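First up is the structure itself, then whatever we jot down about it.
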Number of protein chains: 4
Amino acid sequence: MSHNTFGHLFRVTTWGESHGPALGCVVDGCPPGIRFRREDIQHDLDRRRPGQSRFVTQRREPDEVKILSGVLEEEDGTLVTTGTPVSMLIENVDQRSKDYGEIARQYRPGHADYAYEAKYGLRDHRGGGRSSARETAARVAAGALARKVIPDVTIRAALVSMGTKQIDRANWDWDFTEHADNPFFTPDPQSVPLFADYLDGIRKNGSSVGAVIEVVADGVPAGWGAPLYAKLDAEIAGALMSINAVKGVEIGLGFEAARITGEENADEMRAGNEGTPRFLSNKAGGVLGGISTGQPIVARFAVKPTSSILTPRQSVDKDGQEVDVMTKGRHDPCVGIRAVPIGEAMLACVLADHFLRHRGQTGRS
Amino acid sequence: MSHNTFGHLFRVTTWGESHGPALGCVVDGCPPGIRFRREDIQHDLDRRRPGQSRFVTQRREPDEVKILSGVLEEEDGTLVTTGTPVSMLIENVDQRSKDYGEIARQYRPGHADYAYEAKYGLRDHRGGGRSSARETAARVAAGALARKVIPDVTIRAALVSMGTKQIDRANWDWDFTEHADNPFFTPDPQSVPLFADYLDGIRKNGSSVGAVIEVVADGVPAGWGAPLYAKLDAEIAGALMSINAVKGVEIGLGFEAARITGEENADEMRAGNEGTPRFLSNKAGGVLGGISTGQPIVARFAVKPTSSILTPRQSVDKDGQEVDVMTKGRHDPCVGIRAVPIGEAMLACVLADHFLRHRGQTGRS
Amino acid sequence: MSHNTFGHLFRVTTWGESHGPALGCVVDGCPPGIRFRREDIQHDLDRRRPGQSRFVTQRREPDEVKILSGVLEEEDGTLVTTGTPVSMLIENVDQRSKDYGEIARQYRPGHADYAYEAKYGLRDHRGGGRSSARETAARVAAGALARKVIPDVTIRAALVSMGTKQIDRANWDWDFTEHADNPFFTPDPQSVPLFADYLDGIRKNGSSVGAVIEVVADGVPAGWGAPLYAKLDAEIAGALMSINAVKGVEIGLGFEAARITGEENADEMRAGNEGTPRFLSNKAGGVLGGISTGQPIVARFAVKPTSSILTPRQSVDKDGQEVDVMTKGRHDPCVGIRAVPIGEAMLACVLADHFLRHRGQTGRS
Amino acid sequence: MSHNTFGHLFRVTTWGESHGPALGCVVDGCPPGIRFRREDIQHDLDRRRPGQSRFVTQRREPDEVKILSGVLEEEDGTLVTTGTPVSMLIENVDQRSKDYGEIARQYRPGHADYAYEAKYGLRDHRGGGRSSARETAARVAAGALARKVIPDVTIRAALVSMGTKQIDRANWDWDFTEHADNPFFTPDPQSVPLFADYLDGIRKNGSSVGAVIEVVADGVPAGWGAPLYAKLDAEIAGALMSINAVKGVEIGLGFEAARITGEENADEMRAGNEGTPRFLSNKAGGVLGGISTGQPIVARFAVKPTSSILTPRQSVDKDGQEVDVMTKGRHDPCVGIRAVPIGEAMLACVLADHFLRHRGQTGRS
């Protein structure tokens with residue numbers, strides 16, 4: 001994780017700002033011979049795309065991905081990776097050339113405005129610049145390719161709480177997360193009206209609210225991970241925490257593990273198939289000592305409420321003058337919703353990278 | 001974070017197993033001209049050292065650090081870094097050459113035994129090998145040097161909950177965390193008898209319990225951090241999650257941020273000194289957009305209960321035979337206690353590295 | 001140097017094939033506040049651009065660079081870096097959609113065809129794919145930006161020999177290397193007719209010839225470099241050897257140093273200005289112990305003759321069938337000519353990176 | 001190549017100074033299950049060890065390696081790597097605590113004294129500190145382990161010229177390079193008296209002379225290498241140039257390739273075994289497009305004459321005062337001799353690393 005590059009063998013470098021001509025990513029180190037279609041990438045981009053319900057920002061971006069390098073195209077449109085860098089580009093279309101006059105000089109509370117200016121001495125104020133959530137489109141494109149590198153692994157995520165409201169885990173239905181009538185990626189069908197009412201209230205008040213996302217990878221074999229500092233869970237934590245607005249990450253039981261005893265926390269084992277253990281529980285979330293155990297990898301991350309709200313908040317401007325800052329126009333009342341495919345993408349990138357690293361060091365896979 | 005190396009410019013590589021002849025670290029990229037004494041390193045090692053109260057493992061290790069390279073020694077014993085790698089070594093003394101007969105073949109629940117074997121095809125079973133908490137001594141040595149690189153930053157940690165028991169934050173006293181009568185690194189003097197009674201019960205039952213540690217860095221200027229994937233909070237999360245037994249990490253409000261509204265979460269600003277903002281709250285934990293804001297950096301991490309407990313637990317052995325596994329002898333009833341100086345060390349390493357990276361890219365500090 | 005990324009703090013990632021829609025680079029870690037104009041980048045691209053004399057390939061590529069991110073544009077068109085990734089893109093225009101039928105299956109001697117196929121199991125045969133010299137346009141764009149990061153350093157290169165013909169160093173004139181009547185980047189005006197006659201003969205025979213390029217950086221202060229493995233000369237050697245067709249690299253006297261005595265090789269010193277030494281010679285090429293000495297950095301690299309020649313050569317195809325391979329159409333009779341700006345670009349990237357790394361570790365510059 | 005770490009998956013970090021208590025290396029990322037004996041490491045160290053003939057420095061160092069971590073020891077003393085870091089340590093014994101009074105303040109011409117001081121603001125003057133050739137013992141230890149990772153590859157080196165004297169390639173005998181009566185690692189038996197007479201003359205004059213070393217790897221399969229910036233030849237060049245006193249590196253024909261035509265340089269191919277090509281020559285030195293072709297990898301490097309000579313040379317001291325500097329006592333009249341096993345070690349490390357990287361990305365080996 002250097003600057004804007006993520007991963008060691010499966011390396012993703014992203015670039016682009018909210019209001020520049022385009023953004024994109026370069027995926028370097030992708031194995032050769034991976035077959036996919038442009039629509040596979042587009043599918044995940046569409047899931048993250050704004051403007052799909054009243055609960056997300058109304059910015060209209062088609063988010064059409066162009067694949068510029070690293071592939072051969074077969075006659076039926078199938079793309080085959082050649083092992084060289086895959087460059088993907090997404091144009092910005094709906095940048096709304098509004099007058100940024102005031103906001104260009106003000107530090108919005110909860111945003112990176114002041115921090116960027118303190119670091120760099122200047123900043124791209126247009127729509128948040130590089131710190132905009134728009135950047136995550138590039139992550140999602142890279143993640144969609146990462147999935148193809150580890151086809152036996154299924155990576156899915158779901159929103160498990162929104163503000164003070166939670167799903168009922170007894171109703172968990174993975175298929176429902178992608179249902180057309182589910183604008184929240186919730187796995188609990190009964191939670192939809194609950195969340196809808198709640199978020200309508202938030203939205204009409206010009207307010208916003210946070211969320212917790214759970215992301216799960218099924219099919220990861222035992223043995224992936226690179227102790228000590230590149231532990232699988234450490235890199236997952238870093239990857240998820242690098243998503244905009246994320247403030248907490250858990251693996252398995254997470255913070256709950258700190259409250260219980262060793263007896264309660266032990267994932268006991270019995271004899272399984274082919275000499276491998278069968279675990280009786282998965283409190284560890286599929287990782288022990290930084291290495292996968294063959295159980296599902298389970299992580300959760302907390303997304304803070306969108307900082308852009310329609311209520312004025314006290315702040316200062318570049319000259320140190322005190323001002324009141326208020327967002328106008330489009331905003332995401334719960335940016336956590338669109339974080340669902342982003343969390344999947346980051347987990348996919350971590351796992352594809354660790355698959356290659358494990359294969360490199362040990363010759364296994 | 002590659003394998004066993006942590007950091008980009010301030011790079012720490014650690015090595016060593018629980019029961020080998022020694023363990024240690026190589027700190028590469030340390031600025032030249034840093035002045036310190038061997039006792040500065042030893043001080044932090046002593047804080048992490050086992051055997052100092054009935055609440056931690058009774059393994060007796062002097063943990064005396066030897067500094068083998070990268071320094072010039074002045075007449076009064078002051079060491080001055082030369083800019084070349086600083087190699088530090090700690091001998092293992094109390095390895096107890098017991099018969100590992102059974103345990104060498106069994107997979108202890110909650111430990112990395114099975115995962116290491118699945119990854120590498122073999123493992124060093126003696127005392128947990130590389131996955132032993134003993135490895136953290138090397139991190140603490142490196143962290144002690146990292147502190148010297150950023151002398152204006154104060155890094156402290158405290159245990160804020162143990163199992164179901166919590167401190168009262170109204171009693172917070174940083175000085176008390178290091179008090180001779182405080183075996184828990186708790187900042188709340190009134191919590192000592194509470195934790196002592198609770199942990200005595202756990203210990204006598206041969207059980208164990210988890211803990212939550214809060215680590216705070218004061219004095220970090222605005223501007224440290226390297227978006228997007230090397231965000232300051234992302235690297236802190238990865239660093240803390242890489243510590244043995246950690247299952248969750250939070251920055252600022254952490255998971256609580258997911259439960260509140262944008263209005264509640266905003267850290268408003270007023271005009272401060274010298275044109276910089278004065279924040280009215282620190283819900284962000286000192287990081288926005290992956291860059292420090294000049295406020296204290298606040299992180300928390302959850303440590304699971306020690307997996308070595310005196311109650312038998314179901315498992316299997318290398319041959320897939322079902323067995324009952326029970327730890328005998330020494331154990332830490334709450335390994336979270338000794339995680340306090342380790343958390344400080346990891347945060348010190350992250351910050352020293354980001355200080356150098358920020359200075360490199362921007363010429364500021 | 002990982003895959004397609006070069007550098008540690010000033011990091012350049014390139015992507016793109018000879019016959020894809022575009023190629024480009026992402027420069028990550030560029031300091032903020034660097035001011036430049038699009039024409040500064042274009043200037044160096046134009047120097048490398050094909051089709052400018054009868055001595056280079058006639059492929060017609062405008063090589064117009066688009067700058068997609070990481071900058072703010074001022075009213076007069078000046079671009080200012082923001083510290084975020086600078087993405088630059090160059091479209092491929094003149095890809096000549098010829099029938100690759102035979103060549104797609106044949107391994108051209110001296111080319112990477114077989115090696116790529118052996119590594120990846122497939123390859124992009126169109127114009128050499130990723131191994132085409134066309135990729136170097138992206139390096140040149142990155143190098144042009146690198147120059148702006150170290151404005152006090154002047155980086156120039158010159159062709160000092162072509163096949164069996166050499167310049168006369170007594171005639172060295174840096175200004176002449178860029179003269180309109182100099183199609184060779186030679187620093188010796190009298191060498192132009194010599195090289196022209198020689199290369200016309202080579203060209204008319206459908207043959208090709210190698211060259212040696214000397215690249216010099218003036219103005220590098222003492223102290224840049226990062227021993228031991230990232231020594232300044234080691235990274236220069238790696239950078240120059242990574243250019244297509246390069247087979248040898250020298251620093252200072254290079255191989256000549258192996259032939260002389262210690263007395264002859266010593267760069268003696270006398271008292272210079274401001275307490276720094278004044279060197280009486282520069283046999284070391286400006287680097288001692290991997291660190292710059294304040295003298296000019298001098299390196300040379302050998303470029304092999306273009307492997308595409310119009311004379312048939314024996315080879316095999318993918319099925320192991322023996323074939324004769326012959327290039328048709330456009331070719332560079334001396335690819336070393338266009339290597340001159342590429343060598344400058346690579347040296348610029350190494351130096352910009354080491355400037356930032358040195359500043360990071362030591363706080364000096 | 002960051003600071004003192006070499007490699008990406010097979011990562012070698014070295015530490016230590018000439019006159020500190022010890023020096024060593026940490027090899028991280030070594031595959032598990034590699035079997036070797038301590039004597040395998042010692043064997044290569046002994047080949048590099050000083051004091052073995054009148055032609056090398058008389059410093060007496062046993063150079064006994066201690067292996068501190070990352071291995072399990074079987075009953076017969078065989079060591080088996082566990083996949084965790086292998087730490088190796090070599091004590092300094094013969095540091096001669098002489099009075100460094102004058103030399104501590106003087107900048108020796110050709111040495112790194114001034115450069116280190118300019119970079120770091122201070123330096124360890126004792127025996128050259130970190131820039132001493134003594135550091136290369138750690139490289140040799142790492143290289144000996146690297147060989148075990150690629151057991152099908154044979155890596156050998158030989159001295160092919162010394163000053164103005166050269167071997168006769170017609171006499172090349174690899175076995176002779178290790179012959180007891182061969183103090184020069186020359187492959188030409190008839191060159192021994194020639195080199196001996198020549199070097200005796202140099203030595204008696206208190207002078208020194210350079211050398212060229214050729215290093216060859218047989219058995220590397222086609223496909224290793226990671227274009228573009230981590231090309232196999234680029235990383236070999238960087239690795240060899242990082243050795244003390246090296247000023248030039250060539251692959252295959254090297255600089256000679258710049259003098260010939262495309263027809264002469266082409267390595268033609270005919271049908272070989274199992275569908276792979278059979279090359280009719282190896283002017284490329286086994287690498288095309290940065291990827292191995294299956295032919296022997298051939299590299300050469302030029303070592304400058306030892307800078308420590310017994311003839312006074314003009315220089316300055318830290319205060320800018322003009323002085324004459326003269327080495328007293330032990331010195332290597334041709335440091336290139338001992339560079340032979342060091343060159344092998346660096347090539348072994350590059351190849352082991354690329355083997356793992358290739359296996360990681362492609363699943364092949």
Side-chain angles (χ1 to χ4, degrees), chain C residues 1 3-4 6 109-110 112 115 118-119 131 164 207-212 222-223 226 228-231 233-234 237-238 241-242 247-252 254-255 257-259 261-263 265-271 275 277 288-289 291 293 302 304-306 309 311 313-316 320 322, chain D residues 1 3-4 6 109-110 112 115 118-119 131 164 207-212 222-223 226 228-231 233-234 237-238 241-242 247-252 254-255 257-259 261-263 265-271 275 277 288-289 291 293 302 304-306 309 311 313-316 320 322:
Chain C
M1 297 196 287
H3 303 344
N4 294 276
F6 184 82
K119 181 175 190 69
S131 69
T164 55
S207 183
S208 65
V209 75
V212 175
L228 284 178
Y229 298 111
K231 280 177 174 171
D233 40 358
M241 192 68 95
S242 80
K247 301 303 285 185
V249 180
E250 295 182 319
I251 306 290
F255 277 86
R259 296 183 195 104
T261 64
E263 288 80 4
N265 191 58
D267 292 318
E268 295 185 289
M269 290 170 260
R270 295 284 77 186
L288 285 172
I291 301 172
T293 62
K304 71 178 185 184
T306 320
I309 49 179
T311 312
R313 277 287 166 277
Q314 300 183 77
S315 190
V316 296
E322 302 195 336
Chain D
M1 297 196 289
H3 304 341
N4 294 276
F6 184 81
K119 180 174 190 69
S131 70
T164 55
S207 182
S208 65
V209 76
V212 175
L228 285 177
Y229 297 111
K231 280 178 173 170
D233 39 357
M241 193 68 95
S242 79
K247 300 304 285 185
V249 180
E250 295 183 316
I251 306 289
F255 277 85
R259 296 184 194 103
T261 65
E263 289 80 2
N265 189 57
D267 293 317
E268 294 185 290
M269 290 170 262
R270 294 285 77 186
L288 285 171
I291 300 172
T293 62
K304 71 178 184 185
T306 320
I309 48 178
T311 312
R313 277 287 165 278
Q314 298 185 77
S315 189
V316 296
E322 302 195 336

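The analysis underlying the following values was restricted to heavy atoms, covering all of them including side chains, and did not include hydrogens, waters or symmetry mates. Here is how names work: the chains are called A, B, and so on, in the same order as the sequence lines, proteins then strands, and each is numbered from 1. Everything numeric here is computed off the predicted structure, so don't read it as measured data.
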> Which region of Asp267(D), side chain (C-beta onward) or backbone (N, CA, C, O), has a non-hydrogen atom less than 4.5 Å from a non-hydrogen atom of chain C, or is it both or neither?
Replying inline: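 Just its backbone gets close to chain C.
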> Relative to chain C, which segment of Lys231(D) carries a heavy atom at a distance below 4.5 Å: side chain, backbone, both, or neither?
Replying inline: side chain
Return the minimal non-hydrogen interatomic distance between [X] and [Y], and the atom names on each side.
X: Lys304(D); Y: Asn265(C); result: CD-ND2, 3.5 Å
X: Ala302(C); Y: Ala258(D); result: CB-CB, 4.0 Å
X: Val249(D); Y: Met241(C); result: O-CE, 4.1 Å

>> Between Ser207(C) and chain D, with a heavy-atom cut-off of 4.5 Å, which part of the residue counts as in contact: side chain, backbone, both or neither?
In response: both
> Contact part of Ala222(C) toward chain D, heavy-atom cut-off under 4.5 Å: side chain, backbone, both or neither?
Replying inline: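 The answer is both parts of Ala222(C).
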Largest heavy-atom contact set with chain C, pairs under 4.5 Å, which of [options]:
options: Val316(D), Leu288(D), Leu228(D); answer: Leu228(D)
options: Pro109(D), Pro277(D), Gly110(D); answer: Pro277(D)
options: Ala112(D), Gly289(D), Gly262(D); answer: Gly262(D)
options: Val209(D), Thr311(D), Thr261(D); answer: Thr261(D)
options: Gly248(D), Ala266(D), Gly320(D); answer: Gly248(D)
options: Ser131(D), Ala115(D), Ala226(D), Ala237(D); answer: Ala115(D)

> Are the side chain of Lys247(C) and the backbone N or O of Gly254(D) linked by a donor-acceptor pair below 3.5 Å?
Replying inline: no
> Are the side chain of Glu268(C) and the backbone of Arg313(D) linked by a donor-acceptor contact shorter than 3.5 Å?
Replying inline: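 Absent.
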>> Working to the nearest 0.5 angstrom, can you tell me the gap between Met269(D) CE and Glu322(C) CD?
In response: 11.5 Å
>> Counting heavy-atom pairs closer than 4.5 Å to chain D, which one of Thr306(C), Ile309(C), Thr164(C), Asp233(C) comes out on top?
In response: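 Looking at each option in turn, the highest pair count goes to Ile309(C).
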>> Could you go through Arg270(C) and Gln314(D), starting from their C-alpha distance and side-chain angles, then the distance that decides it, and tell me whether this counts as side-chain contact (heavy atoms from CB on, under 4.5 Å)?
In response: CA-CA 7 Å; Arg270(C) 295 284 77 186; Gln314(D) 298 185 77; 3.2 Å; yes
